[in-house]
Amino acid sequence: MIEQDFICTDDFEANGIVKWKSPSNIALVKYWGKKDNQIPQNPSISFTLSKSHTTTSVEFKPKKNNENNILFDFQDVKNHPFGHKIKLFISSIDKYFKFLKNHDLHIKSQNNFPHSSGIASSASSMSCLSSCLVDIESLNSKSKEDSYYMKKKSFIARLGSGSASRSTEGPITLWGSSNSYLGSSDLYAINISDDVNKVFHDYQNSILIIDPGVKKISSSIGHKLMNENPFSNTRFDLARNNISRLKEIFKSGHLDDFINLTESEALMIHSLMLSSNPYFILMKPNTLEVIQRVLEFRKDTKLPVSFTLDAGSNVHLLYPNSVKESIQKFIEADLLKFCKSNTHIHDSLGMGSEKLM
Ligand code: PMV
């Protein structure tokens with residue numbers, strides 16, 4: 001499909017409310033670097049999570065006047081300052097939904113993970129808002145195939161935040177065009193959960209919150225710095241190659257290879273931050289403490305646990321359900337002391353956006 005396919009010109013006037021829930025995700029092969037219009041420099045693959053999510057409702061009614069009336073409440077705070085960003089986003093996507101031009105919206109959004117916990121909320125919040133808007137379109141206009149709406153949810157989420165495109169479906173998704181996956185696209189994510197060894201079906205992700213503070217460098221600046229990074233082309237080639245390696249690993253279930261790939265991807269994107277100009281460091285001393293202990297623990301116990309990092313200091317531990325008890329005991333005994341106020345979330349793979357109302 002091409003971009004123009006997502007423009008909806010159907011006109012309608014209606015009242016109603018829709019409500020969706022959408023999770024966060026953790027990338028295994030990372031997206032770091034983009035072209036114009038949120039087109040990724042390389043494809044990325046992630047696990048969709050089940051616990052950490054955003055819930056959003058959108059109430060819509062025909063416009064009262066010519067003003068653009070969009071109200072945004074966040075965590076029960078009426079007219080939250082985040083609303084400014086949401087309004088800009090909505091005006092940037094109005095060509096894809098004709099109804100945005102003649103309807104007022106009241107959006108209410110809530111995250112179930114602690115505010116300022118350091119967990120990126122853009123993936124869950126943008127995929128949730130996108131699911132609501134596409135749902136309003138599908139309820140009121142000429143119906144298209146379900147597969148069209150699935151793609152459009154991811155397409156619109158991508159325009160809000162690249163990684164959000166991977167949260168509308170689960171448990172494993174790919175965003176970005178790749179020779180390894182038929183039907184893959186730079187415009188939206190696709191579900192690649194078929195043909196995956198059963199060891200991955202109930203994989204676990206424990207998120208260790210090292211520092212809940214606001215990042216000094218946003219990911220959009222980080223992506224931009226990749227345009228000038230001296231290692232960028234090598235990185236994009238390696239990432240493309242890691243997509244085909246990961247496809248094989250998903251089939252075979254070889255956890256040693258999975259561990260090697262996920263850790264190498266995490267360290268590689270942080271090495272790109274170190275080699276950007278201006279350079280920046282998002283890892284904290286406790287990030288490295290945790291990583292060191294995970295490596296030692298794995299050497300001693302031979303248990304298949306690996307770490308990955310997002311664009312911040314938090315550490316995500318990945319492990320199969322079969323070793324959940326031992327890993328969670330290890331986390332409690334040896335790692336929580338490096339987390340801010342012991343904050344952590346034991347999450348696991350999930351299914352993507354879900355309609356609540
Ligand atoms: O979607 P963004 O612009 O917030 O970028 C996400 C970047 C990483 O989390 C580091 C990698 C990824 O693929 O999610």
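Whatever order the structure lists ligands and atoms in, that order sets their numbers, starting from 1. Computed from heavy atoms alone, side chains included, the values below leave out hydrogens, waters and symmetry copies. Note that the structure is a prediction, hence the values are computed from the model and not measured.
Ring geometry for Trp175 versus Tyr31: interplanar angle over 60°, hence perpendicular rather than tilted (30 to 60°). The aromatic rings of His103 and Phe99 sit perpendicular, their planes meeting at an angle over 60°, well past the 30° parallel limit. The aromatic rings of Phe250 and Phe47 are tilted relative to each other, their planes meeting at an angle between 30° and 60°. Aromatic ring orientation, Phe280 versus Trp32: tilted (interplanar angle from 30° to 60°).
Atoms of ligand 1 found under 4.0 Å from any heavy atom of Ala27 (numbered from 1 in listed order, with element): 12 (C), 13 (O), 14 (O). Which parts of ligand 1 touch Ala311 is read off a 4.0 Å heavy-atom cut-off, strictly below it: atoms 10 (C). Which parts of ligand 1 touch Ile269 is read off a 4.0 Å heavy-atom cut-off, strictly below it: atoms 10 (C). Atoms of ligand 1 lying under 4.0 Å from at least one heavy atom of Ser163, given by number and element, are 1 (O), 2 (P), 4 (O), 6 (C), 14 (O). Counting atoms of ligand 1 from 1 in the listed order, those under 4.0 Å from a heavy atom of Arg166 are 12 (C), 13 (O), 14 (O). When each atom of ligand 1 is checked for a heavy atom of His223 under 4.0 Å away, the hits are 2 (P), 3 (O), 5 (O). In the vicinity of Gly162, heavy-atom distances shorter than 4.0 Å reach the ligand 1 atoms 1 (O).
Every N/O-N/O distance between Trp32 and ligand 1 stays at or above 3.5 Å. The shortest N or O to N or O distance between Tyr31 and ligand 1 is below 3.5 Å.
Side-chain atoms of Thr56 do not come within 3.5 Å of backbone N or O of Leu129 as any donor-acceptor pair. Between the side chain of Lys30 and the main chain of Ala27, a donor-acceptor pair closer than 3.5 Å is present.
Checking each of Lys152, Lys19, Lys153, Lys355 against Asp135 for a salt bridge (charged side-chain N to carboxylate O under 4.0 Å, His left out) leaves exactly one that passes, namely Lys355.
Scanning all protein heavy atoms for the shortest distance to atom 4 (O) of ligand 1 gives Ser219 OG, 3.1 Å.
Not a single heavy atom of Ser220 sits closer than 4.0 Å to an atom of ligand 1.
A salt bridge links Lys284 with Asp211: the distance from a Lys NZ or Arg NE/NH1/NH2 to an Asp or Glu carboxylate oxygen falls below 4.0 Å.
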